Amino acid sequence: MRIVFAGTPEPAVPSLARLLASQRHEVVAVVTRPDAVAGRGRKVTRSPVGLLADEHGIEVLTPARASDPEFLARLEELAPDCCPVVAYGALLPRPVLDVPRHGWVNLHFSLLPAWRGAAPVQAAIAAGDEVTGASAFLLEEGLDTGPVFGVVTERIRAEDTAGELLGRLAEGGAVLLDSVLDGIEDGALRPVPQPDEGVSHAPKVTVESARVRWNLPALAVDRQIRAVTPAPGAWTQVGELRLKVAPLTPVDETVVGESLEPGQFLVRKDGCYVGTATTAVRLSQVQPQGKKAMAAADWARGARLDPEVRAQ
């Protein structure tokens, strides 16, 4: 099939790479978000998907809006049979959806209808789900509501961060997407409507929502931090200092030997502990604003924390 691939961030790269290597499908163009300013140097940077397309000499389309008439006209000229899309980052209007005869096939990193929305991997970890996966479905104008062609499952490990889990889903999802496109071309696949039960939503993770809530139970604090690692990164306020917090370890109360209030610090030779609504947690690494990451115990000893200070 003639394919126009749409995607933007790093998790979309494995799918594009696999389709570029396919003997059955021809990637005639790539659609990605416009180049954006990024990094400390504030340089204009091509998206990871755009960079891979450039390496293979593939035409790259970067419409400011998917509704731009010029974009629609070029898409019609390309006459794709199908448009796979992975984390493109913009809504597609009906005229664009109608161009490919087999539609747009979206790879979404959850087992739909669970965790529709922008941050399904983060939501699954924060909720304590044991299993998640990826779904390939026919894109509609609704938010991740289209009928599903196929899924692949992935167990969530106890210490998974969102970055680690998303990396595995991106690889497994690439295989799924490739096989779904094969099935569509062969006429062997028909999408199945999503059930009405089990719908949940995963809104975009904001910097404010990544603030650690120490008044939650230890297991929930652990999940919250892993869910926003590496981006945007968990953080807490300690006095006037903003502190980034790496994944931590809940500990049994007997390890600490005393009850800590939520946000209360305890610094000992064996580590730096913080209280939660249940048992304490042991911090691993922290990063004070404007400085490099360091061992939490080293930071705490150097900071000479007032006993009354609480992380908030």
Side-chain angles (χ1 to χ4, degrees), residues 1-22 24-39 41-109 116-120 135-147 149 170 173-174 177-178 180-182 184-185 191 203-204 231:
M1 290 192 294
R2 287 175 59 84
I3 283 174
V4 172
F5 180 91
T8 298
E10 191 65 37
V13 169
S15 289
L16 176 57
R18 188 173 181 92
L19 293 175
L20 286 169
S22 172
R24 298 189 58 173
H25 310 298
E26 178 190 6
V27 180
V28 297
V30 160
V31 185
T32 192
R33 299 295 293 152
D35 298 353
V37 174
R42 308 305 293 165
K43 294 182 179 179
V44 177
T45 305
R46 188 74 129 176
S47 75
V49 163
L51 289 173
L52 181 58
D54 289 341
E55 291 174 9
H56 286 78
I58 304 295
E59 179 181 355
V60 178
L61 308 176
T62 57
R65 293 174 299 277
S67 59
D68 288 351
E70 296 83 0
F71 170 60
L72 176 59
R74 181 55 184 147
L75 190 63
E76 290 174 336
E77 290 173 354
L78 290 166
D81 297 308
C82 189
C83 294
V85 54
V86 184
Y88 170 52
L91 295 176
L92 301 172
R94 172 50 59 188
V96 170
L97 293 175
D98 288 341
V99 172
R101 62 190 181 96
H102 290 301
W104 293 70
V105 178
N106 189 14
L107 180 67
H108 183 75
F109 297 117
R116 294 172 176 170
S135 305
F137 71 97
L138 186 64
L139 202 61
E140 299 177 337
E141 289 181 277
L143 180 63
D144 302 329
T145 57
F149 286 102
L177 184 60
D178 188 19
V180 163
L181 294 180
D182 289 349
I184 291 173
E185 184 179 39
K204 182 179 179 180

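Keep in mind the model is a prediction, meaning the values are calculated, not measured. Throughout, residue positions are numbered sequentially from 1 according to the sequence presented.
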Report summary line: When rounded to the nearest 0.5 Å, the distance separating CG of Leu16 from CG of Leu51 is 11.0 Å

**Report entry** Passing candidate, side-chain contact (heavy atoms from CB on, under 4.5 Å) with Val105, options Val85, Ile3, Ile184
**Finding:** Ile184

Query raised in the report: Say you draw a straight line from CZ of Phe71 to OG1 of Thr62; how long is it, rounded to the nearest 0.5 Å?
Result: 10.0 Å

Query raised in the report: Thinking salt bridges, do Arg46 and Asp35 make one under a 4.0 Å N-O criterion?
Result: yes

Query raised in the report: Looking at side-chain heavy atoms only, is the closest gap between Ile58 and Phe5 below 4.5 Å?
Result: no

Query raised in the report: Taking atom CG of Asp144 and atom CG of Leu139, what is their separation to the nearest 0.5 Å?
Result: 8.0 Å

Query raised in the report: Atom SG in Cys83, atom NE2 in His102: separation rounded to 0.5 Å?
Result: 11.5 Å

Query raised in the report: Passes side-chain contact (heavy atoms from CB on, under 4.5 Å), Leu181 versus Arg24? Steps please.
Result: CA-CA 9 Å; Leu181 294 180; Arg24 298 189 58 173; over 6 Å; no

Query raised in the report: Would you call Leu52 and Leu20 a side-chain contact if the rule is heavy atoms closer than 4.5 Å?
Result: yes

Query raised in the report: Hey, are the side chains of Leu78 and Glu59 touching, using non-hydrogen atoms and a 4.5 Å cut-off?
Result: yes

Query raised in the report: Within a reach of under 6.0 Å around CG of Leu143, are more than 12 heavy atoms found that belong to other residues, nucleotides or ligands?
Result: yes

Query - Heavy-atom pair with the smallest gap, counting every atom of Val86 and Pro11 - result: CG1-O, 4.2 Å

Requested in this report: Check whether any side-chain heavy atom of Pro84 lies under 4.5 Å from a side-chain heavy atom of Leu107, and answer yes or no.
Outcome: no

Query raised in the report: When you look at Asp182 and His25, which way does the side-chain contact (heavy atoms from CB on, under 4.5 Å) test go after all the steps?
Result: CA-CA 8 Å; Asp182 289 349; His25 310 298; 2.7 Å; yes

Requested in this report: Taking the side chain as every heavy atom from C-beta outward, state whether Leu177 and Arg18 have any pair of such atoms under 4.5 Å apart.
Outcome: no

Query raised in the report: Hey, does Trp104 have a side-chain heavy atom less than 4.5 Å from the side chain of Val96?
Result: yes

Query - Shortest non-hydrogen contact between Ser67 and Pro93, atoms and distance - result: CA-CG, 4.0 Å

Query raised in the report: Do the side chains of Leu75 and Pro80 get nearer than 4.5 Å, heavy atoms only?
Result: yes

Report task. Search all heavy atoms of Ala12 against all heavy atoms of Gly7 and return the closest pair with its distance. Result -> CB-CA, 4.2 Å

Query raised in the report: How far apart are the closest heavy atoms of Pro63 and Arg33, and which atoms are they?
Result: O-NH1, 3.9 Å

Query raised in the report: Quick one: does Asp81's side chain get under 4.5 Å of Glu185's, heavy atoms only?
Result: no

**Report entry** Over all atoms of both residues, closest heavy-atom pair of Glu10 and Pro48
**Finding:** OE1-CB, 3.5 Å

Report summary line: Tightest non-hydrogen contact, residues Ala87 and Pro9, listed as O-CD, 2.9 Å

